[in-house]
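Have a look at the structure below, then the notes.
Note on naming: letters A, B, ... go to the chains in the order of the sequence lines (proteins, then strands), and numbering restarts at 1 for each one.
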There are 2 protein chains.
Amino acid sequence: MAAQRTGPNLTKIASALGVSTATVSNALSGKGRVSADLVQKIRQKADELGYVPSNAGRALRTGRSGVLGLVLPDIANPLFPQIAQAMEMAASNNGYGVLIADSRGEVTTQTDAIGRLIERGVDGLIVIPRRGTRIGAVGCPVAMVDTPSTPGNTVSADHWNGGEQIARHLSDLGHKKILLLGNDPASNVQNDRIGGMKAALGHDICHQTIWLEPILRNGGTTASLKLPHLVETGVTAVATVSDLLALRVLTELQTAGFRVPGHVSVTGFDDLIFSPVVTPALTTVHMDMAQIAEIAVVALLAEITGNRAIKTTTPPQKRTVPDTVMADTSRVPMELIIRSSTGPAFPYQTHVPNGETL
Amino acid sequence: MAAQRTGPNLTKIASALGVSTATVSNALSGKGRVSADLVQKIRQKADELGYVPSNAGRALRTGRSGVLGLVLPDIANPLFPQIAQAMEMAASNNGYGVLIADSRGEVTTQTDAIGRLIERGVDGLIVIPRRGTRIGAVGCPVAMVDTPSTPGNTVSADHWNGGEQIARHLSDLGHKKILLLGNDPASNVQNDRIGGMKAALGHDICHQTIWLEPILRNGGTTASLKLPHLVETGVTAVATVSDLLALRVLTELQTAGFRVPGHVSVTGFDDLIFSPVVTPALTTVHMDMAQIAEIAVVALLAEITGNRAIKTTTPPQKRTVPDTVMADTSRVPMELIIRSSTGPAFPYQTHVPNGETL
DNA sequence: AGCGTTTGGTTAATCGATTAATCAATTCCG
DNA sequence: CGGAATTGATTAATCGATTAACCAAACGCT
């Protein structure tokens with residue numbers, strides 16, 4: 001896997017020291033039996049020559065590329081930077097590289113993206129599946145990052161619990177009539193978040209759930225949420241399933257003359273890049289991507305290294321080991337981040353400042 | 001580079017058809033001389049067996065991995081998804097994969113990230129340099145994506161021209177007093193954008209430039225921009241260097257009771273994911289990432305494939321070919337996207353609705 | 001017919017690291 | 001002291017694709 005033109009190789013080190021390449025290999029990998037001082041000398045020589053092992057050579061021999069594939073469902077998802085960074089870091093810490101692939105946002109299914117990665121010879125896949133899709137058996141271990149309620153899931157944030165935390169926060173602030181706003185009703189993650197919210201809201205609290213995507217599909221991307229109307233009915237808080245949605249709600253309310261959190265509280269999810277810098281800063285729920293990534297990567301690597309024996313030469317026989325990896329810890333807690341977009345519920349009778357629409 | 005356990009290889013196809021592996025290789029790559037109908041038969045057999053070439057084997061032999069490295073300066077940059085997607089797509093179209101690396105946002109410099117990619121054997125690098133840094137000679141071709149005014153730049157959007165377009169737009173709307181808002185004065189890109197704005201503003205237009213980052217460093221992340229005060233002085237438009245900044249300004253103004261674009265017009269840059277969905281939707285400038293990526297990748301690949309002859313066995317001698325690749329087209333035009341956050345300048349005497357501060 | 005050329009294909013070397021199989025030299029121990 | 005176990009290192013095969021060198025047969029041309 002390397003364009004190691006002039007680079008020194010094992011043979012160079014070996015001949016420089018008058019030993020065999022096998023010994024050099026053993027010394028550097030610490031596997032075979034090599035005397036301590038020879039190891040020392042070899043290490044030194046390797047450093048001196050600036051030796052970098054050839055991934056291609058190693059991969060060819062060992063059958064492992066040292067590269068993991070990261071499959072994103074929709075790269076437009078603003079959570080992507082966090083995911084990519086966390087995964088890259090976790091993989092890197094374990095000596096692996098990360099090859100990315102996305103479904104290009106369109107018709108091309110995630111199957112194609114997976115296929116491309118497999119062809120590139122990745123040792124394993126980390127898949128953030130497209131809303132609710134399942135992936136069939138592929139030729140390598142797969143770690144799925146979705147939501148604990150998804151079957152076959154490996155690791156993810158505890159979205160349900162995140163929803164509970166947000167709901168409890170609003171409940172504590174005295175909100176009695178809350179609008180739950182989702183985007184795509186087909187998304188497992190979003191359903192869990194909303195499910196958690198509902199579960200945490202007492203019976204004395206009135207709530208209504210609206211899914212945006214179906215509305216948008218009919219009304220075009222600029223379709224208004226008709227929030228002012230909803231607030232007139234007494235809603236004092238809008239709990240959304242994403243900071244992006246929260247931002248939309250926030251600005252729409254502000255434009256309509258409502259004060260946040262004075263008249264209406266707004267919450268998001270995911271703690272996206274813009275969330276702390278808008279005014280008011282968004283109250284949201286943060287997921288520990290670093291931890292999730294670490295767990296996913298470690299579980300994946302365990303499966304990869306464990307699978308070595310499976311390298312059968314016999315024709316493909318049914319494996320008892322499932323493709324999808326299971327991790328010890330499958331759900332990582334989310335953290336409530338309270339900022340300025342939430343506050344005490346507005347006193348009973350709703351006030352509509354100036355009912356103008358932009 | 002592959003864990004091709006049971007997968008069929010060239011030998012399998014060859015023996016199945018009673019020919020040599022060399023012939024199979026030639027047939028599939030179309031390089032050697034093979035009769036038309038034998039090519040046909042080999043192709044068919046390959047499909048039948050589901051043959052996938054081993055990257056490891058190929059890489060080892062050819063010295064090329066078929067993988068490009070993408071180095072991001074700061075993954076927190078919300079432009080990242082667009083970049084990553086565009087690069088991945090461009091590379092994929094050319095039969096290459098993309099390995100990502102970021103500087104982890106901290107101390108670890110981008111040099112480390114580059115090093116990791118080189119060690120993984122990438123054939124070339126696409127570097128979006130950290131504000132103003134230069135990268136030294138590395139062992140492979142590099143395409144830099146920054147701004148045309150940066151020495152060594154390969155391709156980028158024409159940020160200067162983007163600034164001009166925005167400024168002209170505001171000028172056309174009758175704005176006479178404009179605040180130019182940047183973030184990091186050390187960024188070449190941002191300087192170009194602001195430079196373009198200034199250049200396009202006539203002498204009858206008053207403007208002032210403020211850099212946010214230095215202010216924030218002293219006042220903490222929550223430091224207010226004191227925008228209300230500025231608006232009192234007669235500013236009717238704020239032209240920022242990024243949608244993120246624009247969003248910040250927008251929400252801060254709205255919270256302070258100003259109307260956008262009624263009282264103040266706000267513009268951004270980059271057309272980030274949230275820009276169309278906030279209210280009012282942001283007027284901004286869009287860069288054609290797909291085109292930039294395509295140019296960068298093609299230029300890089302040209303250098304890579306052209307360099308083949310350089311695979312000298314002789315000791316490292318000075319190369320006349322520079323590491324950094326140049327493309328024919330180095331600047332890609334930006335596109336002004338007019339949405340709802342800009343409008344005619346507010347009539348001369350500034351109106352301050354309710355001077356309350358959050 | 002005889003000699004050069006083209007066509008179609010094979011042989012074998014090669015890329016670089018890994019590792020099972022050996023082998024030589026010590027060391028151990030009853 | 002002598003056979004067994006241990007230590008330290010070497011040999012050579014191997015992963016899979018590519019490609020330079022080579023060869024045989026068919027063809028073309030005078």
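Of the candidate nucleotides dA17(D), dT10(D), dG16(C), dT10(D) has the atom nearest to the side chain of T23(A). Nearest to the side-chain atoms of L38(B) among the listed nucleotides dC15(C), dG9(C), dT10(D) stands dG9(C). The side chain of N26(B) lies closest to dT10(C) when the candidates are dT10(C), dT19(C), dA17(D). Listed nucleotides dG16(C), dA17(C), dT11(D) differ in distance to Y51(A); the shortest reach to its side chain belongs to dA17(C). For S25(A), counting side-chain heavy atoms from C-beta on, the closest listed nucleotide (dG9(C), dT18(C), dT19(D)) is dT18(C). For S20(A), counting side-chain heavy atoms from C-beta on, the closest listed nucleotide (dT10(C), dA9(D), dT10(D)) is dT10(D). Of the candidate nucleotides dG16(D), dG8(C), dT18(D), dT18(D) has the atom lying nearest to any side-chain atom of T21(B). Across dG9(C), dG16(C), dA13(C), the shortest atom-to-atom separation from the side chain of R61(A) is found for dG16(C). Checking dG16(C), dG8(D), dG8(C) against the side-chain heavy atoms of R33(A) singles out dG8(D) as nearest. Comparing dG9(C), dT10(C), dA17(C) against the side chain of A22(B) picks out dT10(C) as the nearest.
If you measure from atom CZ of R64(A) to atom C1' of dT18(C), you get 12 Å, rounded to the nearest angstrom. With rounding to whole Å, N9(B) atom CG is found 14 Å from dT18(D) atom C1'. The CG-C1' distance, from L10(A) to dC15(C), rounds to 13 Å in whole Å. The separation between L17(A) atom CG and dG8(D) atom C1' is 16 Å, rounded to whole Å. Taking atom CD1 of residue I42(B) and atom P of nucleotide dG8(C), one finds them 13 Å apart after rounding to whole Å. K41(A) places its NZ atom 14 Å from the P atom of dG8(D), with the value rounded to the nearest Å. In this structure, the CG atom of D37(A) is 11 Å from the C1' atom of dG8(D), given to the nearest Å. Regarding K12(B), its NZ atom lies at a distance of 11 Å from the C1' atom of dG16(D), rounded to whole Å.
We find that R43(A) and E48(A) are not joined by a salt bridge, their nearest charged nitrogen and carboxylate oxygen being 4.0 Å or further apart.
The phosphate of dG16(D) has neither OP1 nor OP2 within less than 4.0 Å of any side-chain N or O from S54(B). One finds no side-chain N or O of K31(A) lying less than 4.0 angstrom from the OP1 or OP2 phosphate oxygen of dT18(C). Between S35(A) and dA9(D) there is a side-chain N or O to OP1 or OP2 distance below 4.0 Å. At dG16(D), none of the side-chain N or O atoms of R58(B) fall inside 4.0 Å of OP1 or OP2 (strictly under the cut-off).
Listed here is the closest heavy atom pair of M87(B) and L70(B): CG-CD1, 4.0 Å.
More than 12 heavy atoms of other residues, nucleotides or ligands shown are found within 6.0 angstrom of CG on D37(A).
R116(A) and S92(B) are linked by a side-chain donor-acceptor pair at a separation below 3.5 angstrom, with hydrogens and angles left out of the test. Side-chain N/O atoms of D146(A) and S156(A) include no donor and acceptor closer than 3.5 Å. A side-chain donor from one of T23(B) and S20(B) sits under 3.5 Å from a side-chain acceptor of the other.
Note on V19(B): only backbone sugar-phosphate atoms sit closer than 4.0 angstrom, heavy atoms only; bases stay farther off.
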